[in-house]
Every structure is written in structure tokens, then in C-alpha cells.
**Q** 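I have a structure here, written as C-alpha cells, and I will follow up with some questions on it.
Numbers for residues simply follow the sequence, beginning at 1. Note: hydrogens, waters and symmetry copies are ignored here, and every other heavy atom, side chains too, is used.
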Amino acid sequence: MTDLLDSSGAPISVLTADANGMISIFYGPDGVDKLYVDFGAGLVALVATDSGERLTQHLVAEDPHGDREAAVSYVNGRIGVANGLAPLDPTGKVPIENIPTGSSQNTATIPDLFSQTPFYIAHRGSGMEYPEHTMAAYEAALTSGVKAIEVSAGVTADGIPVCMHDPTLNRTTTGTGNLSDMVYSSLINTVQVNVSSILGQGWKPQPLTNLRDVLDRFMGRVIIFLEPKSNQAVPIIQKMLQDYYPNANQSVVWKNYYSNPSFDLMKSRGFKTWGYVDAGTTDAQMASVDHLIDYWGVPSAMTNTRKQEIVSKGKPVICWEVHRRSQRDTLVGLGVQGMMCAQYKWCSTDYQILKKDNWATAVKAPGDMSRIYYDGTRDMKYSGTGEVFFNVLSEAALVGSCSIPTFPTNGYRVTFEMAYDGPVPTNEHAGVAFGKPDDSEYRFSQANASGGYHMLLRGSGSLELYSHAPGSTAGTQLSIAASAAPVAGQWMKFTVDVTPAQVKITRTDVTPNVSVSSTNATYRGGYIHISEGSISNLANKPRWRNLTVNAL
């Protein structure tokens, strides 16, 4: 025990406790923290009194184990390298150039969009297929595969940008009056988007969408063609982009009428710009702002000659609004690159979508359309029990969803039922048009862009088949047969067979069946229309149901 020393430094060999069991001060061997002593009742561990002092020194040391230095070295090694860490500026913030443009979903780029011909933009979020400028429309457009959406925004009285095309609430919502006269809190609690007159009452009212929600959800996922719809909206939206979306110029195209003064600022911030013109815009007017415009926009109603003239100026041209495949094909032929499509799913595809109508859902299917858009007056109406009709006279509608774009080898068969609401004068009629090679409009007693056939049933019961040449206002009768006169409210059944050899119409609700046919083979398209024909009184209007189209 000679390693033990008393307080004076003299060696000791015996440790003696006092009456309280305490041992006098002693020093143990150097470098030993714990000493075990046998007091006759088992070993007792004695801890050196300087252990706590040394532990305290260890804890306050700068880097006692050297791991802090190793960590700093590791972090510094990852700054500024690929998949590493962004450096900080002198204020401790990440510089803008090191901020990602979006999440891992950020795959949309403007050059990628413009590398395609044609490319498609969902006009108002594909507003003739879904409730325009709603989150439901934008989400559905993305689900359908669109790479660009058009977003329009006005502002409320308290300056909140809300996605909407019109300055008023009347056409598309449950409210009335000017958007700019309502505060945002009142708007979102009392008004919803309701376009059931256009898309069918099967669509439930949808919430209005504010612009921030759209930008937060879709920035970087698709290209956004963004248009402020009022002068008040312009500076508010410009500031929003600058404050919250520093890299918006990588996936947002600034859209406005070509002479709008907002282009100068947006170009200085690195945005691509789309300036749209009207039919009366002159070359000189376009030239005066050409340095501010990256892409030109032309209306669908502009003449083809003028569209070609604008294409020849050398900048990409986008046409709005495109509803039909036939429009798309014509525009591509003119050199127009971008299609601002109100019916994206329809315009971007070329196949039969449905073999049987979906009218029982009271929701408009892609490709089902009349000749007036975004209005609701002349669109097909749904009974809610599978029937469709019109609330105006002299109307027809494309049933594009069931049409067959490419004529099948053995032809196709159309079946449907039709009934009149009231007693029809003997010479008046309604029916279907078919055989058209494209989805352009069909109108009875009007010159149509493409030819086809139409069948009709008169108030007398006369079943008739006609051909209708493109550009002609009248059809040519091919076949006629007498059948039982229609009874108000009673459903009649028809079969239309179009084969390579003949066209045959059969009324199957009468016994014996009545047929008309022709070997005319001029038209073998597969686009189908329903037509009110010559009905002159809405009280006698026709209804259709159970329409099917199948290859033979």
C-alpha cells in the first residue's frame, strides 16, 4: 500500500476511519480514478476527489474528441457540389440562383413544351370539359397529360387574385355582380363555380380558386400561361411572382393583349411573353411591340390567310380557342404550333372514347358539343334519366365521345332511340347525321365543311336517308320508306349500319321493321351528330337516349 500518501506526502499502509466512518484525506496512485478497499464487509470503491474537476474541464473543452472538427470538414466538403449543400450569402440566406425551381416533380420546361408540334394548352383548365378555372379542372387536365394550362385571374376588392375569366360572377358562378366589388372572405363563403348549363347538372358546384393555391400546386409541374384579367390585377400579380416565386420565369409565360404595357417589366425579369392579337391588328402595330413578344396569339375566328401571315413572321404562334380535332388539323397545316384547347382531352386524342353514351350521368363527355361554346344556351341538356335534348330550335350536337375516327374494316353500327315531346306536323323531322370524316359542325339545311349522311323521321312516319355534300345547303335524298307516325312521348328505335358496300337505316320498334338503304359510298367517316332537323316548336322537341356506336 506504499502508493498511498497522507496529506503531508508520507507513505501510509493503513486507512483508519473516524467515529463517523470518514477516512482522512489521502492521495492515491497517479492516473487511477477508483480504488477498491476491503473494510471487512466487502470491497468499497473509493473515487478520486479530482475526477469531477477533470470531467468539468473535459466538458468545457473546445473539441475534446476532435469530432467537431471532423463534422465541419465534412459539411464544408459538400457545399457547392452536385447534390450537396447550397452556400449562404453574407446575410446568412441561400442565394436565389441556388434555390430549386420546384420539387422533385419539377419536370416542365418552356423549351420542352415548344419542342413539340403541335403542343397543347388547357384553355381555362380545359373549360369545356371541366368547370373552368377551378382546381378540379386544373387537376383533371394534368391527370389527362397536359403539359401547359392557361390561368386567368381577377382581383377582389381587397386585392386577392382569384382565378376567373370574366369580370363578373354571373356566367360561371352562383353569384352576381363584379368580382372586384366583393371582398375575398365574403366571396369564398357565399359563391361557388356552377357551369351546369354548359357541362351538365351532374357537375357539383366547385369552390373558387385563388391564384396562390394554383401557383403553389402547379408551379414547375406544368407550364402556366398566366393572364391578369384587369388593370388592377397586373401589379398585384407581378408583385406576387416577385415576392414568392423567384424562379417563376422558368415555368410561367406572361400572357396578355399585345399592346398591354405590362410586357416591358416582365421581359426585364426574364419572363417569356405571349401577346395575342385580334383580326384587325396590323403588321405595323405588331412590329411596334415585337421586341417584347416571344410568341404570338391568334384567334380561331381569324382568317387562315392572316394566320399564315403571322406564322411567316417567324415566332411561334398559338391559336385560341381550339375545340375540335378538325380545327387542330387545319391549324397545324397553316404552321400554327400551339393549341389553346378548351377541350384538351378531345383535341389531343384520336380514338373512340365511349361505345355507349354517358347521358345518364348528366355530365358532358369529351367531344360532345354543340356549335356555341362557353355559353350554355345551345348545349345539350340532360334529363337526369339518360335522355338528351335542346332548349332551343335548329340545333345539332356532335356526339364525339362515341364517334369512331377511323372507319373499321367492316364498318360500324349506330343504335339509338328517339321520341318527340309533342305531336309533330307531318312534314317536320329530326334524326341523326353520320358518316362525316371529321368532327366539324353539322347543321341541317346549312352548308357544312365536310360531307356525310343524315337520316330523319318525319311527323308523317316517313323514314328517309340523305347525303349531304360539303358546301351544300341541301341534302340529296337517297332512299325513303313509310312507317308508323310517331306518337308524342313514345320512344322509337333505330339502327344505322355503315358498311363498305351500303348505308342502311332500320326502324326496329315497329313490326315488321322498316328499312331504307343506299349503295352510295361517298362518305365513310365515323363522326355522329344528333339534329333537331326542321322542328319548329319546342313543345314538340325531340329527345335521344341509349346511343351506341360499335364496329361491325
**Q** Would you compute the distance between atom SG of Cys341 and atom CD of Glu150 and round it to the nearest 0.5 angstrom?
**A** 11.5 Å
**Q** Quiz question: by atom type and distance under 3.5 Å, do the side chains of Thr495 and Thr506 form a donor-acceptor pair?
**A** no
**Q** Distance-only, no hydrogens or angles: does the Asn513 side chain make a donor-acceptor pair with backbone N or O of Ser515 under 3.5 Å?
**A** no
**Q** What's the verdict on side chain to side chain contact (heavy atoms under 4.5 Å, CB included) for Met380 and Tyr382, showing C-alpha distance, side-chain angles and the deciding distance?
**A** CA-CA 7 Å; Met380 285 193 301; Tyr382 303 87; 4.0 Å; yes
**Q** Between the main-chain N or O of Glu139 and the side-chain N or O of Thr143, is there a donor-acceptor pair closer than 3.5 Å?
**A** yes
**Q** So, do Pro167 and Lys229 sit near enough that their side-chain heavy atoms are less than 4.5 Å apart?
**A** no
**Q** Going by heavy atoms in the side chains, are Trp203 and Val195 under 4.5 Å from each other?
**A** no
**Q** Using a 3.5 Å distance criterion without hydrogens, assess whether the side chain of Lys381 forms a donor-acceptor pair with backbone atoms of Ser197.
**A** yes
**Q** Mark yes or no for whether Asp509, through its side chain, and Met492, through its backbone, hold a donor-acceptor pair below 3.5 Å.
**A** no
**Q** Between Asp438 and Arg324, is there a salt bridge with N-O shorter than 4.0 Å?
**A** no
**Q** Would you indicate whether the side-chain heavy atoms of Met369 and Ile198 approach each other to under 4.5 Å?
**A** no
**Q** Treating Arg545 as the side-chain partner and Gly386 as the backbone partner, does any N or O pair qualify as donor plus acceptor under 3.5 Å?
**A** no
**Q** Less than 3.5 Å apart, any donor N or O on the side chain of Asn546 or Trp491 sitting next to an acceptor on the other?
**A** no
**Q** With a 3.5 Å distance limit and no angle check, can you tell me whether Arg458 reaches the backbone of Thr426 through a side-chain donor-acceptor pair?
**A** no
**Q** Ring centroids only, cut at 6.0 angstrom: are His123 and Tyr374 within range, meaning strictly under it?
**A** yes
**Q** Suppose we screen for salt bridge (Lys or Arg N to Asp or Glu O under 4.0 Å). Which residues come up paired with Arg413, at least two apart in sequence or across chains?
**A** Asp497
**Q** Can you check whether Leu354's main-chain N or O pairs, donor with acceptor, with Gln352's side chain at less than 3.5 Å?
**A** yes
**Q** Any chance the rings of Tyr295 and Phe114 have centres within less than 6.0 Å?
**A** yes
**Q** So which of Thr281, Ile318, Ile310 actually passes side-chain contact (heavy atoms from CB on, under 4.5 Å) with Trp296?
**A** Ile310
**Q** With a 4.5 Å limit on heavy-atom distance, are the side chains of Met339 and Val332 in contact?
**A** yes
**Q** Name the one of Glu227, Glu129, Glu132 that satisfies salt bridge (Lys or Arg N to Asp or Glu O under 4.0 Å) with Arg124?
**A** Glu132
**Q** Is there a donor-acceptor contact under 3.5 Å from the side chain of Glu321 to the main chain of Ser300?
**A** no
**Q** Please examine the side chains of Tyr138 and Arg217, heavy atoms only from C-beta on, and report whether any two atoms are closer than 4.5 Å.
**A** no
**Q** So how far is it from Ile528 CD1 to Cys402 SG, rounded to the nearest 0.5 Å?
**A** 9.0 Å
**Q** Looking only at side-chain N and O atoms, does Arg524 offer a donor or acceptor that is under 3.5 Å from a partner on Tyr412?
**A** no
**Q** Are Asp278 and Tyr257 linked by a side-chain donor-acceptor pair shorter than 3.5 Å?
**A** yes
**Q** Atom CH2 of Trp544 and atom CG of Asp357: how far apart are they, to the nearest 0.5 Å?
**A** 12.5 Å
**Q** With distance as the sole test, does Asn540 use its side chain to make a donor-acceptor pair with the main-chain N or O of Val424 at under 3.5 Å?
**A** no
**Q** Drop me the distance from Leu478's CG to Ile505's CD1, to the nearest 0.5 angstrom.
**A** 10.0 Å
**Q** Going by atom types only, do Thr385 and Ser383 share a side-chain donor-acceptor pair under 3.5 Å?
**A** yes
**Q** Verify the distance criterion only: is there a donor paired with an acceptor across the side chains of Ser259 and Gln285 at less than 3.5 Å?
**A** no
**Q** Test Asp350 against Arg328 for side chain to side chain contact (heavy atoms under 4.5 Å, CB included), laying out the working first.
**A** CA-CA 11 Å; Asp350 284 290; Arg328 172 202 65 192; 3.0 Å; yes
**Q** Report yes or no: do Thr168 and Asp166 form a side-chain donor-acceptor pair below 3.5 Å?
**A** no
**Q** Considering only NZ, NE, NH1 and NH2 on the basic side and carboxylate oxygens on the acidic side, decide whether Arg543 and Glu387 come within less than 4.0 Å.
**A** yes
**Q** Please lay out, stage by stage, how Ser479 and Ser517 fare under the test side-chain hydrogen bond (donor to acceptor under 3.5 Å, both in side chains).
**A** CA-CA 6 Å; Ser479 185; Ser517 63; 5.4 Å; no
**Q** Please test Thr349 against Arg325 for side chain to side chain contact (heavy atoms under 4.5 Å, CB included), starting from the C-alpha separation and ending with a verdict.
**A** CA-CA 8 Å; Thr349 59; Arg325 295 167 176 172; 3.2 Å; yes
**Q** Atom SG in Cys319, atom CG in Leu331: separation rounded to 0.5 Å?
**A** 4.5 Å
**Q** Minimum heavy-atom separation for Gly471 and Ala447, please, with both atom names.
**A** O-CB, 3.5 Å
**Q** Using every non-hydrogen atom in the two residues, find where His165 and Arg171 come nearest and quote the distance to one decimal.
**A** ND1-NH2, 4.3 Å
**Q** Mind running side-chain hydrogen bond (donor to acceptor under 3.5 Å, both in side chains) on Thr273 and Asp294 for me, showing each step along the way?
**A** CA-CA 5 Å; Thr273 56; Asp294 294 297; 3.3 Å; yes
**Q** Please tell me if the side chains of Ser251 and Ile223 come closer than 4.5 Å, counting only heavy atoms from C-beta onward.
**A** yes
**Q** Can you label the angle between the Tyr120 ring and the Tyr344 ring as parallel, tilted or perpendicular, going by 30° and 60°?
**A** perpendicular
**Q** Donor-acceptor check, side chain of Ser401 to backbone of Gly367, threshold 3.5 angstrom: yes or no?
**A** no
**Q** Using the six-membered ring wherever Trp is involved, compare the ring planes of Tyr442 and His454 and label them parallel, tilted or perpendicular (cut-offs 30° and 60°).
**A** tilted
**Q** Using the rule side chain to side chain donor-acceptor pair (under 3.5 Å), only one of Ser403, Ser326, Ser450 pairs with Lys436; which is it?
**A** Ser450
**Q** Less than 4.5 Å apart, side chain to side chain, heavy atoms only: is that true for Glu532 and Phe444?
**A** no
**Q** How long is the span from the OG atom in Ser531 to the CD atom in Glu395, to the nearest 0.5 Å?
**A** 9.0 Å
**Q** Using the side chain to side chain contact (heavy atoms under 4.5 Å, CB included) rule, take Asp290 and Lys315 through it: C-alpha gap first, then chi angles, then the decisive distance, then the call.
**A** CA-CA 10 Å; Asp290 185 73; Lys315 291 183 177 180; 3.2 Å; yes
**Q** Which atom pair, heavy atoms only, marks the closest approach of Ile293 to Gly275?
**A** CG2-N, 3.7 Å
**Q** Tyr130 versus Lys345: any side-chain heavy-atom pair under 4.5 Å?
**A** no
**Q** For Leu113 versus Ala148, what's the shortest heavy-atom pair and its separation?
**A** CD2-CB, 3.8 Å
**Q** Looking only at side chains, do Arg378 and Ser370 share a donor and an acceptor under 3.5 Å apart?
**A** no
